[in-house]
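Here the structure is laid out as structure tokens; the discussion comes afterwards.
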2 protein chains.
Amino acid sequence: MLKLKQDHSELVVLSVLAEGPSYGYAISKDIAARSDGHFKLTASGMYPLLTKLEKNGLVTTSWEEVKASGSDPDSNGRRRKWYTLSAKGHKHLTKRIELHRQLQSILDGFVQGTSSEQSETQTGLAG
Amino acid sequence: MLKLKQDHSELVVLSVLAEGPSYGYAISKDIAARSDGHFKLTASGMYPLLTKLEKNGLVTTSWEEVKASGSDPDSNGRRRKWYTLSAKGHKHLTKRIELHRQLQSILDGFVQGTSSEQSETQTGLAG
DNA sequence: CTAGATATATCGAAACTTGATATATTCTTC
DNA sequence: GAAGAATATATCAAGTTTCGATATATCTAG
């Protein structure tokens, strides 16, 4: 299991939100599912991150009342906090992705020079 | 300018040392040069990391006296601490690279799905 | 003598990490 | 209707990491 550092978490969460608004719990499940369980972003990592994103204006938020099917119309349902990527967030994500690609290619430059490379021509995606 | 987190720093430093022994200052310059100045690993990041590597047995160390050209044979020259990748370090690096590739491919899965992808075939190195 | 490069190393405030805890609702099963 | 799992948000606290600032000292160029 690969644990995501905040830098990576931010990239992933922003990427998920680029596909449409979502909320903490759903994002968490989404990340676990889409990474085959390799990534896990738990509540204590997720909510401080989302709060930071909101504080920095990268996302906007709104609350939704989750009504139970056939529930009392007067009942206060469970609350969901939706996060929507802002224009600033989109720009930020684009830069972040660019930086991520740069990091990858440069990192590869270092890694490929090592004698630990077992002369594999394939880039490991088939592993 | 990308600042290397310790995880990345460790991977890069280990990779550099896989090509042969080196010392803190040289590694720092090496990283800056080979990344076109995009990466920077400063002294306050480098030395604690190298100490940790040594403590974990991934590298072995030895001191070298750096004599000035035409200096007094009695003078105590500047000292250089050389770091050599150990067998354990080599194994560790191989695992690390594997993990790095895994991280990359999964991360790519998230990033490639974003609408921020400007259908660029080139990988941004020409930017 | 001065300034800048070389060389190693620690300090400390801020930020980050993460299991644990808290709170409350909704769904499923018996 | 009780129990337990899943949904949903959020904070705490103890530990680790980060990184500019600082300290120390030598070497080189002007």
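Remember, predicted model here, so these are calculated numbers, not experimental data.
- The distance between atom CG of B:Leu41 and atom C1' of C:dA9, rounded to the nearest whole Å, is 14 Å.
- Rounded to whole angstrom, the span from the CG atom of B:Asp30 across to the C1' atom of C:dA7 amounts to 16 Å.
- A donor-acceptor contact under 3.5 Å links the side chain of B:Arg78 to the base of C:dT6.
- Residue B:Lys81 places its side chain closer to C:dT8 than to any other of D:dA10, C:dT8, D:dT7.
- In this structure, B:His8 has its ring center closer than 6.0 angstrom to the ring center of A:His8.
- The structure places CZ of B:Phe110 at 10.0 Å from CG of A:Leu11, a figure rounded to the nearest 0.5 Å.
- Atom CG in A:Asp7 sits roughly 9 Å away from atom P in C:dC16 (whole-Å rounding).
- Residue A:Ser44 is in base contact, counting any heavy-atom pair closer than 4.0 Å across all strands shown.
- Summarising the geometry, the separation between CG on B:Leu50 and C1' on C:dT8 is reported as 10 Å, rounded to the nearest angstrom.
- Here the CG atom belonging to A:Asp30 is positioned 11.5 Å from the CG atom belonging to A:Leu41, to the nearest 0.5 angstrom.
- Put simply, NZ on A:Lys5 is 7 Å from P on D:dT18, counting in whole angstrom units.
- Contact annotation for A:Gly45: base contact, defined as any heavy-atom pair under 4.0 Å involving a base atom.
- Taking atom CG of B:Leu49 as the reference point, atom C1' of C:dA9 lies 14 Å away to the nearest angstrom.
- Using a 4.0 Å heavy-atom distance criterion, A:Trp63 is classed as a sugar-phosphate-only contact.
- For the 3.5 Å distance criterion, the side chains of A:Arg96 and A:His92 qualify, holding a donor opposite an acceptor.
- Put simply, B:Gln6 has a side-chain N or O that comes within less than 4.0 Å of OP1 or OP2 on D:dT18.
- D:dC19 atom P lies 17 Å from atom OH of B:Tyr47, rounded to whole Å.
- Put simply, NE2 on A:His8 is 15 Å from C1' on C:dC16, counting in whole angstrom units.
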